[in-house]
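Take a look at the structure below.
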Amino acid sequence: MGMKKYDHTKIEKKWQKEWDKEKLYKVEDSVTGKENFYQLVEFTYPSGNLHVGHWYAFAVPDIFARYKRMQGFNVLYPMGFDAFGLPAENAAIKENADPKVWTYEKMNAMRIQLKSMGAIFDWDREIVSCDPQYYKWTQWMFNKFLEHDLVYRDITKVNWCPKDQTILANEQVVDGHCERCGAEVEQRNQEQWMLRITKYADRLIDDLDALNWPEEIKAAQKNWIGRSEGSEIEFHIRQSPSPTLPKGKGEIPGYMTSNDEIYETVQERAVEMRKAPTKAEEILWDSLRGNKIGYHIRRQHVIDRFVVDFACLKENLVIEIDGDIHDLQKEKDEERTNILKNLGFRVIRFKNDEVIKNLDGVINKILNELKNPSLGEGQGWASSEIIKVFTTRADTLFGVTYIVLAPEHELVESLKSKVESEENRKQIEKYISDTKKKSELDRKQQKEKTGVELKGVKAVNPANGEEVPIWVADYVLAGYGTGAIMAVPAHDERDFEFAKKYNLPIKRVVEQKFIATDSPMHSELEIPATYRNAICAIIRNPKDDTYLCSVWKDIHCHGLITGGVEEDEDIVEGALREIYEETGYKNLKFIRNPDIAIHTFFYHRKKEVNRWARFQYLFFDLIDEVQDSIDENEFAIHDVVWKSKDELNDFFSVVEGEFSLTLIENNGDYVYTGEGILGNSGRFNGMDSEEARTKITEAVGGKMVKTYRLRDWGISRQRYWGTPIPIVYDPQGKAHPVPDEHLPWILPDDVDHKPSGVAPLAKSKELFMRTEKIFGEGWKPEVETMDTFVDSSWYFYRYLDNKNSKTFADKKHRDAWMPIDLYMGGAEHTTMHLLYSRFWVKAMHDLEMVKEIESYKVRRNRGLILGPDGNKMSKSKGNVVNPDEIVERLGADTVRMYLAFMGPYGVTVNYPWDPNGVVGVRRFLERVWKLKDKLKENKEGTSFFIEKSTHLAIKNITEYMESYKFNTAVSQMMILLNYLEKQDVTIEIYKTLLQLLSPFAPHMTEELWRDLGEKKSIHLTPWPTWDKDKIIDTVFKIVVQVNGKVRTQFEVESSMSEEDIKIKVLADQAIRSWTEGKEIKRVIYVKDRLVNIVV
RNA sequence: GCCCGAGUGGCGGAAUUGGUAUACGCGCACGACUUAAAAUCGUGUCUCGUAAGGGAUGUGGGUUCGACCCCCACCUCGGGCACCA
């Protein structure tokens, strides 16, 4: 027999050496009869100090990898070093060392520490990202991407860390500070190399659905990409005072005598127009609206209509149709055309018949004129400029009261020159320069919104022709959407805030009767308010035209009433009473909405009532249900009162908050959408809110677009310790990729890598000489290096074929292992590495470099190990747990096992390290060790109960392993041990226990295993299986409840019938004392579990 | 503000996913061994109550014969996004 006492110090080193010698963990591409299983953890940064977090990250997954191995899989669980990057460089600077030397030293130290874990890493497959044989392929991929336009060079606003003297990716900026060093990040404009990750934005979102990833990770990535679908709508710009019509009598021959008169006529015409567009107008309008060239010809506001039939303002083109109803225009066409021309318009004139008969010709003529303008930029009262706005709420278009441009918006410059006064222009200029001075952080943190109006220029709302003011304000971001918004203060908190401050009008969109093919009409109405947590019901009484609206507080409800009040108001009223009855709320209020002739229930759960209301639910069409459930006589009316319009209006004025509703006609049906409903699944009459938005957008000639929060990935770093960007510049400054035969494009050694704001490579003589030597005189190298996230975007391929000098990884090897079966890693990588590498693989796929479009089949995030005080471990808090010490004192097996025992793995939960807890696990291992001295040789000694316990343990442990619940797997082993210690245990049972334990405590179990005379490693044995016949229960404990409370319990044979059990239970003395004198209403029996007697 | 996730003993956490709440471990208390301590082993350990019983899974409701589990609302904590229109 071996050692008497469990001494990990001897065992662990011994077996690590032995396994090495036996090449126990050597992984081949294929093993007969075994399925491959590629398990990955993020490769480590060679900080030179392995902390508990590393153990948690690598040793616990090793338990799973070992389990899979025993299950008969050919498991690849590799390890390597993410060796480039800032921390290494910073540390090197601090210690005045060469980053390369430093990194390789630390890697050597870390390799030893990593080996102390006793993991199954196959070190022959190790990869190191700073090895030229690795970054050669990083560079090669960069060039491939460049070749296919996935890489470009552009001047962008970049995040600049003044301390680290480098550009940071958006992902590396946390709350305006550098993720690494904490310094406040500055914004700079700088030229850098960009990767077109935005091209993949949709796929990065959509492909998530098919992945077996936790929903939280998917949600975080979706958030990060930030796709929002909305509308792009054009607002034409008009200068005022507009229009500059000729003055005085008769200046437009045959038409008007004065501007006043013109105006009057216009008013009249406007009414007429809405009713009756000419046939020609309709045809032209419909045809041109659909044309794909991108011009929009639309009906203009009434004032335009006086002189033109259609105008394409962007091009200053006037299309006139001599229509039948244009009495005023029929004569003197020539003169009119001349006047228009003098005003700066191009005019095309058609006869009404011509339009109807030869539409194609007409359209072609217009398009031709649009493409080949015969006149320069116009002046006068039409402007050629258009503001494109982005909105997700096209349905609030009628509520627009002003337009806001971001200070950086390109139109600001040209509009500036059109403002009415010099003073205003100066204000604008000052505002813009002030904004520029503010950092991104300042802009985000400033409490008050600021802005300045562009006085004298107006934007025209395409829905109703209304002119609204244009403002410049920095609450609108240049980088999102179109950099311009339509402000709807009634339905947007930010716009509201701004409007309040600058006293801009606030217009609620209440009801819109919107007919897509006709000029939109709208009305604005005061509307009932809702309460916090309230249900609001609005009912119209058609008999006397009074309205009822009720608000309840804190009701929970699940669907309510709607339908034709007109047909049966009593039913609705009855239903209201029912709710009232149910909830008993006394503070019913009655408000009314004179314009919504339906009744609808809203559930409003907005926290603060003075914000604009949003509703969570809109309940429809449950009238049938209500009909069935109401007996009208049952309800007493409390405060249900019908009120007159005036009384209700008084009420409106005091109620806080409001809601809105938009009514849209859709093929004869009316569709309601409202705030809050849009963001939800609110539906009505088969058309949902998205359709509503689309319809409105189309009707005003806008288009549905997607925008993203995600930006392209800037990868240039002005640092030394990274993969050199394989680019050289010719004497004209044009960039060329370094051809493949010169890869790896080696990182030079002759640099002073101390940061100075200039890329360190710029000081390398060798690099410049090398460039000139290869490419010719005057050629210069790129001196920036790549973001290290590039290195880690493809590293998992390199493990598969780490010594290949012809390709990054041969197809044969890739096919053997990819995609990765299980990727366990840190939650901090969710929106960075995980997103980048998904993009990378998709790009590689598109360039036919790999076959998969996703590389990680299953992803599980892990949490952190906190210090014993429950805080994040940090030197400053003095709560850092040093694993080396604990391994020294208690052994690697104990540390592995304790980390597994703390809680479930693969969920983002942080666990504190408990110094006592780890001792408990050590105790368990010692008890396992000691059990060997109690073993009995003869097999007959294995009782039915011991076998049952063992097999049950195997079953449970196996199931727990499958769901990464290593904590409960360990507890099952403890339960088994607790039991076995009290029994006479055979060698067979003991061996099974050791096998179950071996993934957790590989060293100790190996020692005990061999000690039992086994020649072959325990780690080559198969995972124990259970015999389901051995775990069948013949006797069950049946719990007896009376009214759901446990009163007693029985043991029953599994053969006993349900009837017999019930009889036995009811006859029981203890139960009878509970049922005595009561009627037994029901007896519920749950097989093998319980009996519940209902009395 | 929006989107995820989570709230169970003194602590880490279990609970066959609607069927005996608190497994396993830590800690604590008592006991055994010891001159003593440590280690080890044993017993106990949600709470009120002498007991019979009652009450407890963040809070308040609901559904159910029965709820940590399902539904509604609220509160707290952790994470992602955020003047994102």
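Chain identifiers are assigned alphabetically (A, B, ...) following the order of the sequence lines, protein sequences preceding nucleic acid strands; residue numbering begins at 1 within each chain. Both backbone and side-chain heavy atoms feed into the values below; hydrogens, waters and symmetry mates do not.
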Base of B/rG62 relative to its sugar, syn (within 90° of 0) or anti? anti
I want to verify the glycosidic state of B/rU17; is it syn or anti under the 90° rule? syn
To the nearest 0.5 Å, tell me how far [X] [atom1] sits from [Y] [atom2].
X	Y	atom1	atom2	value
A/Leu997	A/Met973	CG	CE	5.5 Å
A/Ile1038	A/Ile1061	CD1	CD1	5.0 Å
A/Asp1068	A/Thr1048	CG	OG1	5.5 Å
A/Ile225	A/Leu208	CD1	CG	6.5 Å

Spacing of [X] atom [atom1] relative to [N] atom [atom2], expressed in whole Å:
X	N	atom1	atom2	value
A/Asn910	B/rG5	CG	C1'	12 Å
A/His829	B/rG80	NE2	C1'	16 Å
A/Asn1043	B/rG54	CG	P	11 Å
A/Trp1026	B/rU16	CH2	C1'	14 Å
A/Tyr960	B/rU17	OH	P	11 Å
A/Tyr964	B/rG13	OH	C1'	21 Å
A/Tyr402	B/rA85	OH	C1'	11 Å
A/Ile1093	B/rG66	CD1	P	14 Å

Watson-Crick or G-U wobble partner for [N], using a 3.5 Å limit on both distances?
N	value
B/rA52	none
B/rC2	B/rG80
B/rU35	none
B/rG60	B/rC72
B/rC28	B/rG44

Any donor-acceptor pair under 3.5 Å from A/Lys501 side chain to A/Gly451 backbone: no
Of all pairs that satisfy salt bridge (charged side-chain N to carboxylate O under 4.0 Å, His left out), the ones with a partner from residues 954-973 of chain A, not counting sequence neighbours: A/Lys955-A/Glu959
Just grab all the salt bridge (charged side-chain N to carboxylate O under 4.0 Å, His left out) pairs involving residues 908-918 of chain A, residues at least two apart or on different chains. none
[M] and [N], which share atom name [atom1], separated by this distance in whole Å:
N	M	atom1	answer
B/rU20	B/rG5	P	26 Å
B/rU59	B/rG49	C1'	26 Å
B/rU64	B/rG9	C1'	28 Å
B/rG10	B/rC2	P	34 Å
B/rG19	B/rC71	P	15 Å
B/rC69	B/rU17	C1'	7 Å
B/rG12	B/rU16	C1'	22 Å
B/rA32	B/rA14	C1'	31 Å

For [X] and [N], is the shortest distance between a side-chain N/O and OP1 or OP2 below 4.0 Å?
X	N	result
A/Lys965	B/rA15	yes
A/Arg393	B/rA85	no
A/Tyr475	B/rA85	no
A/Ser228	B/rA85	yes

Just wondering, more than 12 heavy atoms not from A/Lys500 lying within 6.0 Å of its NZ? no
Classify [X] by what it touches in the nucleic acid, base, sugar-phosphate, or nothing, heavy-atom distance under 4.0 Å.
X	value
A/Val919	nothing
A/Arg1047	sugar-phosphate
A/Thr391	sugar-phosphate

Where protein sits on nucleotides 42-48 of chain B, one letter per nucleotide: B base, S sugar-phosphate only, - none, heavy atoms under 4.0 Å: -------
Hey, does the Lys NZ or Arg CZ of A/Arg838 hover above the aromatic six-ring of A/Trp213, less than 6.0 Å from the centre and inside 45° of the axis? yes
Show, in sequence, the C-alpha distance, side-chain angles and deciding distance for A/Lys1062 and A/Glu1058, and conclude whether the salt bridge (Lys or Arg N to Asp or Glu O under 4.0 Å) test is met. CA-CA 6 Å; A/Lys1062 281 184 183 172; A/Glu1058 180 178 338; 3.1 Å; yes
For residues 859-872 of chain A, which residue pairs qualify under side-chain hydrogen bond (donor to acceptor under 3.5 Å, both in side chains), counting only residues two or more places apart or in two chains? A/Glu42-A/Arg859, A/Asn212-A/Arg860, A/Thr830-A/Asn861, A/Arg859-A/Asn861, A/Arg862-A/Tyr905, A/Asp869-A/Asn871, A/Asp869-A/Asn879
Per A/Pro904 side chain, nearest of listed nucleotides B/rA14, B/rC84, B/rC65: B/rA14
So A/Arg494 and A/Glu497, salt bridge (Lys or Arg N to Asp or Glu O under 4.0 Å) or not? Walk me through it. CA-CA 5 Å; A/Arg494 296 152 303 184; A/Glu497 207 181 303; over 6 Å; no
Assign each of A/Tyr708 and A/Lys930 to its nearest nucleotide of RNA chain B by heavy atoms, then name whichever residue's nucleotide is nearer the 5' end. A/Lys930
Any chance the rings of A/Phe924 and A/Phe901 have centres within less than 6.0 Å? no
Between protein and nucleic acid, restricted to nucleotides 20-25 of chain B and to nitrogen or oxygen atoms under 3.5 Å apart, what atom pairs and distances do you find?
unit_1 : atom_1 : unit_2    : atom_2 : d
B/rU20 : O2     : A/Gln1049 : NE2    : 3.3
B/rU20 : O4     : A/Lys1037 : NZ     : 3.2
B/rG25 : OP1    : A/Asn978  : ND2    : 3.3

In residues 211-223 of chain A, which residues come under 4.0 Å of RNA chain B by heavy atom? A/Glu216, A/Ala220, A/Asn223
Exercise: do A/Arg927 and A/Asn978 side chains pair donor with acceptor under 3.5 Å: yes
Determine, stepwise, if the pair A/Leu710 / A/Arg227 fulfils side-chain contact (heavy atoms from CB on, under 4.5 Å). CA-CA 8 Å; A/Leu710 184 74; A/Arg227 175 165 71 190; over 6 Å; no
